[in-house]
Asker: 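Can you keep this structure in mind? I'll have questions shortly.
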Amino acid sequence: MMEKKEIKKVLLLGSGALKIGQAGEFDYSGAQALKALKEEGIHSVLINPNIATVQTSKGVADTVYFQPVKADFVERIIEKERPDGILLSFGGQTALNCGVELYEKGVLEKYGVKVLGTPVQAIIDTEDRDLFVKRLDEIGVKTIKSEACSTVEEVQKAAHELGFPVILRAAYALGGLGSGFCDNEEELLAQAEEAFSFSPQVLVEKSLKGWKEIEYEVVRDRYDNCITVCNMENFDPLGIHTGESIVVAPSQTLSNAEYHKLRALAIKIIRHIGIVGECNVQYALDPQSEDYRVIEVNARLSRSSALASKATGYPLAFVAAKLGLGYGLFELKNSVTKTTSAFFEPALDYVVVKIPRWDLTKFHGVKRQLGSSMKSVGEVMAIGRTFEEALQKGLRMIGQGMHGFVENHEIKIQDIATSLHEPTDMRIFVVSKALKVGYTIEQIHELTMIDRWFLQKLQHIVDIDQRLKQFSQVSEFIGFMDNTELLEYLEAPEFVALLREAKVYGFSDFQIARALGLESLMSMTDAGLMVRSWRKEFDIVPTVNQIDTLAAEYPAQTNYLYLSYL
């Protein structure tokens, strides 16, 4: 490891070409890393072909090359710039693969360029499936039983040895490219052909469809200090790519024993592999026991890392860049809170929900079914005091004209059971429809394998909606009573309590207005404003006393506190 004072110029590999749904998150992590280098007074050289990104904006990097993140281009830039070090983990899979190629060709050694942060061998250990399994076997950590194959014949043989169903994954690929589930020989051959078009190595794994998918974001410095910054749980079970799934942070359905078991394993893994900086550990967890499998370890900043940073207020990419320069966690401050150390694990007293966004209606002939390969074009993040509140906020933000989990425009679903069993981009709204027409939690669980806890929370939203509809007679009195009489009528304790409950669990004013039947009497905007005026009369508004007290104590965190608590 080079000493900090020896590093004068650092090359950072950007994300490569942007495409729908991928690489945008690495603009965030790369920009944070460049900010960290600037703070240290280190000259930064950025290679990124994307002109429409933050990190290529004037003043972020000292020198920018709008060139492909390919080994031959990078070698010529290294020859010209002669950097002291290189950062590989901030540009996603493209940068990681390029860094490995530069290392194996001897380019980094030839020009005396030191890899800052996670050593290249550790990257290779996590990317090559055979090596990855062997490394985790050394410490007794369970991985999904799989075979690495380089021909279609090997794929067929491995599938028959493991037994159907299996999942095929293309190695060294981003966003689940070329991956998919196969239930028979015909599906296997078609998927193998696609997978080999993306990678020379294809992994055949025993399918664990239906298990929970859990992630931990872990940070380690060169002194072997480790913390877990955030853990996340997929709303959907294993079988749907994380980028396609609703993700909840912190996890909601794990027992205390499960949470700490997986946390301890994540730290054990990152120490054994030798990560310096940040990594993401993904698990499959059996919902019927504490049995688990490690799906993969990303020795780089990922889409989940960007989410974890925003969800917790812990600047993962910024800290990871500083750790790559040789700092210890105990030497760094959290640049968001300004008061806590980077060694301080965030504690969340709120719920964060990430919801993917699709634009599949814009493409003709596209299959709407979701699987292990990513189709989403972006995502939104919502914060709330409860899962229900955060989910409803998020659903309003995804730009599909929805108002929350309930009180949306009518969705035509030909076969609810099939739509639940074969997930599409509208799955969450299919669950809403199913609950409204009388499907039980147990029936939906059997068809989707979504954890019953989540389904109970969704049932709670539907129950509140049904109780609001019981007061729909209020719409009959509008126009016949003046405002004072109407408010006196509405001031019944049960209605005020229900209005407060609806707001606590994420209902918008318009959702409430639609449930009460006001939309038939006036415009959507006016209906929402009427409910808003009732709320203010009954003093049903967010409580800010607690926030103001905290903001006075921690002035640097004021904006973050308001975001977290409102």
Asker: Check this for me, if you would: do Glu205 and Arg169 make a salt bridge, where the nitrogen-to-carboxylate-oxygen distance has to be below 4.0 angstrom?
Answerer: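 Counted as a salt bridge, because a side-chain N and a carboxylate O are separated by less than 4.0 Å.
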
Asker: Could you tell me whether Glu345 and Arg263 have a side-chain N and a carboxylate O separated by less than 4.0 Å?
Answerer: yes

Asker: In the structure I gave you, are the side-chain heavy atoms of Met530 and Leu518 within less than 4.5 Å of one another anywhere?
Answerer: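 A side-chain contact exists here, since the closest heavy-atom pair is under 4.5 Å.
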
Asker: Quick one: are Thr448 and Pro423 in side-chain contact, heavy atoms under 4.5 Å?
Answerer: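 With C-beta onward as the side chain, the pair stays apart.
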
Asker: Taking atom CD of Glu186 as the centre, report whether more than 12 heavy atoms of other residues, nucleotides or ligands fall under 6.0 Å from it.
Answerer: no

Asker: Flag the pair Val219 / Cys226 as yes when at least one side-chain heavy-atom distance between them is below 4.5 Å, and no otherwise.
Answerer: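 Not touching, per the 4.5 Å side-chain cut-off.
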
Asker: Just verifying a value: how many Å separate Ser251 OG and Ile214 CD1, rounded to the nearest 0.5 Å?
Answerer: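 Spacing of OG (Ser251) from CD1 (Ile214) equals 6.0 Å.
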
Asker: Any chance you could measure Gln456, atom CD, to Glu388, atom CD, to the nearest 0.5 Å?
Answerer: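 Answer for the CD-CD pair, Gln456 versus Glu388, is 10.5 Å.
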
Asker: Taking the side chain from Arg220 and the backbone from Ile275, do they hold a donor-acceptor pair closer than 3.5 Å?
Answerer: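 Side chain of Arg220 to backbone of Ile275, a donor-acceptor pair under 3.5 Å: yes, one is there.
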
Asker: Does Asp349 pair with Arg385 as a salt bridge, N-O distance under 4.0 Å?
Answerer: yes

Asker: Just checking His421: does its NE2 atom have more than 12 heavy atoms from other residues, nucleotides or ligands closer to it than 6.0 angstrom?
Answerer: no

Asker: So, the side chain of Glu194 versus the backbone of Gln191: is there a donor-acceptor pair under 3.5 Å, distance only?
Answerer: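 No: the side chain of Glu194 does not pair with the backbone of Gln191.
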
Asker: Quick one, Ser432 and Leu458 - any side-chain contact, counting heavy atoms below 4.5 Å?
Answerer: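 Ser432 vs Leu458: side chains apart.
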
Asker: Do side-chain atoms of Ser199 reach the backbone of Phe196 as a donor and acceptor pair under 3.5 angstrom?
Answerer: no

Asker: Would you say the side-chain atoms of Lys206 pair up with the backbone N or O of Ile144, donor to acceptor, closer than 3.5 Å?
Answerer: no

Asker: Would you indicate whether the side-chain heavy atoms of Thr126 and Glu296 approach each other to under 4.5 Å?
Answerer: no

Asker: Yes or no on side chain to side chain donor-acceptor pair (under 3.5 Å) for Glu215 and Asn231, after CA distance, side-chain angles and deciding distance?
Answerer: CA-CA 6 Å; Glu215 297 181 59; Asn231 94 310; over 6 Å; no

Asker: Against Glu127, only a single residue in Arg300, Gln201, Gln93 fulfils side-chain hydrogen bond (donor to acceptor under 3.5 Å, both in side chains); can you say which?
Answerer: Gln93

Asker: Does Lys157 reach the main-chain N or O of Glu161 with its side chain, forming a donor-acceptor pair under 3.5 Å?
Answerer: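 Flag not set: sc Lys157 to bb Glu161 has no pair under 3.5 Å.
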
Asker: Salt bridge or not for Lys393 and Glu389, using N-O below 4.0 Å?
Answerer: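 Judged by the 4.0 Å cut-off on N to carboxylate O distance, Lys393 and Glu389 do form a salt bridge.
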
Asker: Applying side chain to side chain contact (heavy atoms under 4.5 Å, CB included) to Tyr439 and Leu447, what does each step give before you reach the verdict?
Answerer: CA-CA 11 Å; Tyr439 275 70; Leu447 288 164; 4.1 Å; yes

Asker: Which atom pair, heavy atoms only, marks the closest approach of His409 to Gly401?
Answerer: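 In this case the closest contact between His409 and Gly401 is CD2-O, 4.0 Å.
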
Asker: Please check if atom CD in Glu185 has more than 12 non-hydrogen atoms from other residues, nucleotides or ligands closer than 6.0 Å.
Answerer: yes

Asker: Are Leu499 and Arg535 close enough that some pair of their side-chain heavy atoms sits under 4.5 Å apart?
Answerer: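 SC-SC contact between Leu499 and Arg535 confirmed.
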
Asker: So does Ala190 get a backbone contact from the side chain of Glu193, meaning a donor-acceptor N/O pair under 3.5 Å?
Answerer: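 No, Glu193 side chain to Ala190 backbone: no donor-acceptor pair under 3.5 Å.
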
Asker: Closest approach of Leu348 and Pro250, non-hydrogen atoms and distance?
Answerer: CD2-CD, 3.7 Å

Asker: Just how far is it from atom CZ of Arg293 to atom CG of Leu285, taken to the nearest 0.5 Å?
Answerer: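 CG of Leu285 is found 10.5 Å from CZ of Arg293.
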
Asker: Checking Val218 against Ile227 for the side chain to side chain contact (heavy atoms under 4.5 Å, CB included) test, could you report, in this order, the C-alpha distance in whole Å, the side-chain angles of both residues, the deciding distance, and whether it holds?
Answerer: CA-CA 6 Å; Val218 198; Ile227 63 166; over 6 Å; no

Asker: Could you check whether any side-chain N or O of Glu154 sits under 3.5 Å from a backbone N or O of Ser150, counting only pairs where one atom can act as donor and the other as acceptor?
Answerer: yes

Asker: Apply the test side chain to side chain contact (heavy atoms under 4.5 Å, CB included) to residues Glu217 and Met232: give CA-CA distance (whole Å), side-chain angles for both, the deciding distance (0.1 Å), then the verdict.
Answerer: CA-CA 8 Å; Glu217 295 293 327; Met232 293 169 273; 3.7 Å; yes

Asker: Students often mix this up, so state it plainly: with edges at 30° and 60°, are the rings of Tyr216 and Tyr259 parallel, tilted or perpendicular?
Answerer: tilted

Asker: Apply side chain to side chain contact (heavy atoms under 4.5 Å, CB included) to residues Arg396 and Gln392 and explain how you reach the verdict.
Answerer: CA-CA 6 Å; Arg396 281 196 282 279; Gln392 295 223 83; 4.1 Å; yes

Asker: Rounded to the nearest 0.5 Å, how far apart are NZ of Lys457 and CG of Asp451?
Answerer: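 Result: 11.5 Å between the selected atoms.
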
Asker: Going by distance alone, is a donor N or O of one side chain under 3.5 Å from an acceptor N or O of the other, for Glu278 and Ser305?
Answerer: yes

Asker: State whether Arg135 and Glu138 are salt-bridged, where the test is any N-O pair (Lys NZ or Arg NE/NH1/NH2 against Asp/Glu carboxylate O) under 4.0 Å.
Answerer: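 Yes, Arg135 and Glu138 are salt-bridged.
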
Asker: Please give me the minimum heavy-atom distance between Phe26 and Leu301, naming the atom from each residue.
Answerer: CE2-O, 3.2 Å

Asker: Does the pair Asp291/Lys142 count as a salt bridge with the N-to-O cut at 4.0 Å?
Answerer: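 Between Lys142 and Asp291 there is a salt bridge, with a charged N closer than 4.0 Å to a carboxylate O.
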
Asker: Parallel, tilted or perpendicular: which fits the ring planes of Phe387 and Phe454, with parallel below 30° and perpendicular above 60°?
Answerer: tilted

Asker: Is there a donor-acceptor pair closer than 3.5 Å between any side-chain N or O of Asp125 and the backbone N or O of Leu131?
Answerer: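 No; judged by distance alone, with no hydrogens or angles, the pair does not exist.
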
Asker: When you look at Asp509 and Gln511, which way does the side chain to side chain donor-acceptor pair (under 3.5 Å) test go after all the steps?
Answerer: CA-CA 6 Å; Asp509 291 336; Gln511 271 178 295; over 6 Å; no

Asker: Say whether, by atom type as modelled, one donor and one acceptor occur between the side chain of Lys354 and the main chain of Ser245 under 3.5 angstrom.
Answerer: yes

Asker: Taking side chain as C-beta onward, heavy atoms only, is Met426 less than 4.5 Å from Met402?
Answerer: yes

Asker: Any donor-acceptor pair under 3.5 Å linking the side chain of Arg514 with the backbone of Glu407?
Answerer: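 Such a contact is found between Arg514 side chain and Glu407 backbone.
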
Asker: Roughly how far apart are Leu203 CG and Glu147 CD, rounded to 0.5 Å?
Answerer: 10.0 Å

Asker: Are there over 12 heavy-atom neighbours, none belonging to Arg532, within less than 6.0 Å of that residue's CZ?
Answerer: no

Asker: Determine whether Thr151 and Val155 make a side-chain contact, defined as any pair of heavy atoms from C-beta on separated by less than 4.5 Å.
Answerer: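 Thr151 vs Val155: side chains apart.
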
